[in-house]
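Written out below as structure tokens is the structure these notes cover.
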Amino acid sequence: MSSDEKQVAPRSLAEALRAKDDGSLAALLRARPDLITPVPTDLTQLATRAGTRASVIRALERLDRFTLQTAEALAVAPEPADRETLLALLAGDENDPAVVGAFPHALAALREQALVWGPDDRLRLVRTARELLAPSPQHPSPTGLGPTVAEATAGMSPGRIQEILTAAGLPTTHDAVSAVASLTALFTDRARMADLLAAAPPDSLDVLSRLVWGPPYGQVTAEPAARLRWLLARGLLLPTAPGTVVLPREVALHLRAGRAHRSTEPLPPAVEPAATHRPQVVDTTAAGQAYTSLATIEELLKDWDEGGPTVLRAGGLSVRDLKRTAVALDVPEPVAAFWVELAYAAGLLASDGEADERYAATPAYDEWLELPAAGRWTRLATAWLSGTRTAGVIGGRDTKERTLAALGPGLDRSAAPEVRHRVLTLLAALPEGASASPDSVVARLHWERALRGAASSDDLRARLARWTLSEAESLGITGRGALSAHGRALIGAESSAPAPKTDSGAEQASGPGDKLPVHHHRHHPAPPPQPRSPAELASAAARAGKLLAPLLPEPLDHVLLQADLTAVAPGPLQRPLADTLDVLADVESKGGATVYRFTPGSVRRALDAGRSASDLHAFLSEHSRTPVPQPLTYLIDDVARRHGHLRIGSASAYVRCDDDALLNEIIADKRSQGLRLRRLAPTVLAAQADPATLLEGLRSMGFAPAAESAEGDVLITRAHAHRTPPRTAPEPVPDGPPSPDTTLLGAAIRAIRAGDLASTTPHKPTAAAPGRNGTLPRTTSAETLATMQAAVLTGDTLWIGYVNAEGSASQRVIAPIKVEGGFVTAYDHTADEVRTYPLHRVTGVAELADEQA
């Protein structure tokens, strides 16, 4: 039995891949999509690509902590290692049951990703992975282990090795190889090692205890102390360089009770709940935040409606403009940067591309405004969830020490979508209404991507996780830190969250003595979900919108007018009412209720937009639930009476008025000196200023002039909405090649199998093609034609060499169907389709050998 197993054991990774079924190959290519970019020609090329440094590092970075620890343990095990030896390195002498339970999953994950191959009694780590994970003086292993006895004594004189044997109580040998083997056997024998260390001086054992968990290297003087001499004499410490000694791996493993790692982590750390609230409270709080996010985006783009800040030469928003935006939105600068970036990611904001380039709303913004509130929110939420631009890094430095600006280059972080989705998924796994401790979320992410996560809390994934928790709250995906019902729908986790019932419906907070039930995984968590297609994302967003819509406030069609020239909007207003009120009054305060204030300037703004005094009176009467106050009526009539009494046109500019006394008043006013006015006629003044400057100057003096056209008609000035040309939202920067879909996987596996058949099937030796020596078959044109014609009659499959029009040579396995006109039509097993080949491009042909029994 053992001889048969050895006979079928693969000798290389390519042979191991060849033995996998299509399902296993599909799992490999799905886990490591870089392996089919482009599609390999055969399994040998697939194995070669799977062993390249870049691909192996990428695969290692996606391993969880325990699976990575399993690979690290295999890197310090003898090669090849059996399953029991590897498990012992992880579980130790005490045979940790948690490690024993998680070990099969970890080993299966390494096999699935082709990082480990071979049967259970001959496990091998891919060579590149072993080089990356095995200990070396330049690259210490995370295990803290040093070299083996054989590696540490490689340059030692045979006489010195024999001296070590004698001091350790072992018989001398005839050569250095057997001496090293004898010393290794001693160090790996637990009973004999225990006897040897029992005789060690306490000071010597103290030296070993300081080196046992790493680093294994230490410094010694030319005349070592007695405690060091005792260890050096018996090989428990071995010299590696002048003044440097190392603790051999076998000795360290004995002192560690067989463990390769000081702390093995077979189970993921639990995400600890910080507090719990009633689900209804969470949903309503999140809905309120969602509506606030819509109002904030509208306010931002309304502020930039006539053209926003200029674009920096290097791209992006200046620090000064970001501060102004933060003041306008009444939020801190980092929060303002988040809203600006969110509007950009959703395609609502872009640069206009003009010579004096400025930021402005896009035409998509007008379409967005026409959507229902829930539809507008889902547009923002999906853009945030799938986008790679990260507002949190704004203000930091890039690799060239340049400051990262809002809306500028260098803000993409390809890991952001994965981290955002994973953080929300972890929240969804908690009981409904429970918020998570940020530290426990970060610890979980570090465990799931051990090589990418650092021990400190300032690595990118940790910062992304903390930003995700904050941004999800601002966006209304979470409420009070807990995932809302519409947030669950957005990530497709409606039914994945446990929902334990509390004894009372009252909202309660969980403190140190009031822990919520947490579901610990027995072994490893389920793998991260595969990226969803656009159709799946749209479906999830639609479900989220349906859940959110009933929670959003209904827009109101009325305001409450007050005697102090203010109007109170007790909630969100319908769009026509809000738009008109924005022109007629100034926003004084925002919050649950918005307060508008009427001023002469705001009323004049409405008159400039073409409204008459009677229109304004009718509008206020129609939309006020309280009587129109008399002071407001007087204000509108007074401004309207004076509005347009003065006329300004473009001579350079002029002022005309039928009331010459009013013109005298203007000329006598010292504030008009800068306008350089002079009388042309009793009713006309000329100015050496343009009409716009003259208009603003007289308004600042308290007058209410109106502009007029060249024909003498009053110009109606409406708010000008500046829009960019059509723009597309920024594309996310992928974190490596995209995960292949089922169709692509099936086609890739068929092509790889066919190419492998062409490269591995034995062929009948001929005079022109004596065997499989890696070269293309060579036959004469006549021999090629005759063999092709015979294969058409017999249905045989042939091996051919073929050179395409670009001069690239390849080998193929074909089943000829028809030969005529200098072409052969055949089923190409390599391409898995029927193709036609010019015979003059076929270098040669050979029949396939009969299958061996």
Side-chain angles (χ1 to χ4, degrees), residues 289-312 315-317 321-322 324-326 328-331 334-354 357-391 394 405-409 411-412 416-417 420 471-472 474-477 490 534 537-538 541-542 544-545 548 552 555 572 575 578-579 582 719-733:
Q289 288 295 118
Y291 198 87
T292 300
S293 70
L294 301 180
T296 303
I297 294 294
E298 288 185 42
E299 185 177 356
L300 167 68
L301 295 179
K302 188 183 298 180
D303 188 48
W304 293 5
D305 211 28
E306 298 183 36
T310 57
V311 181
L312 293 174
L317 201 64
D321 287 327
L322 180 60
R324 289 174 177 169
T325 302
L329 298 179
D330 193 21
V331 295
V335 178
F338 167 68
W339 293 120
V340 169
E341 280 292 335
L342 181 60
Y344 178 59
L348 309 179
L349 174 66
S351 60
D352 58 13
E354 302 291 339
E357 197 171 14
R358 309 179 74 86
Y359 288 108
T362 65
Y365 170 63
D366 298 310
E367 300 172 7
W368 180 76
L369 287 176
E370 298 303 319
L371 295 174
R376 299 202 303 275
W377 180 84
T378 56
R379 174 85 171 267
L380 297 179
T382 53
W384 171 77
L385 191 59
S386 60
T388 56
R389 290 185 66 84
T390 307
I394 293 172
L407 300 178
L411 300 186
D412 286 288
R420 288 173 187 149
E471 292 168 0
S474 298
L475 199 49
I477 295 175
L490 185 66
L537 286 172
L548 176 63
L552 296 175
R575 185 158 303 283
D579 291 343
D582 282 340
H720 174 62
H722 180 62
R723 293 291 180 265
T724 71
R727 295 281 193 262
T728 56
E731 289 291 331
V733 176

Point-to-point distance, once rounded to the nearest 0.5 Å, from CD1 of I297 to CD of E299: 10.5 Å
Beyond-backbone contact of T296 with V331, side-chain heavy atoms, under 4.5 angstrom: no
Sole residue of R358, H722, R723 in side-chain hydrogen bond (donor to acceptor under 3.5 Å, both in side chains) with D352: H722
Nearest-0.5 Å distance that lies between atom CG in L490 and atom CH2 in W377: 5.0 Å
Residues, nucleotides or ligands: over 12 heavy atoms within 6.0 Å of D303 CG: yes
Heavy-atom pair of closest approach, residues S386 and P732: O-CG, 3.4 Å
Close side-chain approach of E341 to I394, heavy-atom, < 4.5 Å: yes
Considering all heavy atoms, the nearest L312-A405 contact: CD1-CB, 4.5 Å
Donor-acceptor under 3.5 Å (R389 side chain, G408 main chain): yes
Contacts of type side chain to side chain donor-acceptor pair (under 3.5 Å), residue R420, not counting sequence neighbours: none
Shortest non-hydrogen contact between L349 and A360, atoms and distance: CD1-O, 3.3 Å
For R727 against G353, the heavy-atom pair lying closest together: NH2-N, 3.7 Å
Student check: side-chain heavy atoms of E298 and W368 closer than 4.5 Å: yes
Non-neighbouring partners of D582 that pass salt bridge (Lys or Arg N to Asp or Glu O under 4.0 Å), sequence neighbours left out: K302
Where A729 and A346 come nearest, the two heavy atoms and their spacing: CB-C, 4.2 Å
Side-chain donor or acceptor of T362 paired with backbone N/O of G347 under 3.5 Å: yes
Heavy-atom closest contact (T390 atom, A416 atom, distance): OG1-CB, 3.9 Å
Nearest-0.5 Å distance that lies between atom CG in L348 and atom CG in L369: 8.5 Å
Sub-4.5 Å side-chain heavy-atom contact between I477 and W384: yes
L475 CG to L294 CG distance, which is reported to the nearest 0.5 Å: 8.5 Å
Spacing of R376 atom CZ and S293 atom OG [to the nearest 0.5 Å]: 9.5 Å
Value rounded to 0.5 Å, distance of OH in Y359 from CG in L317: 6.5 Å
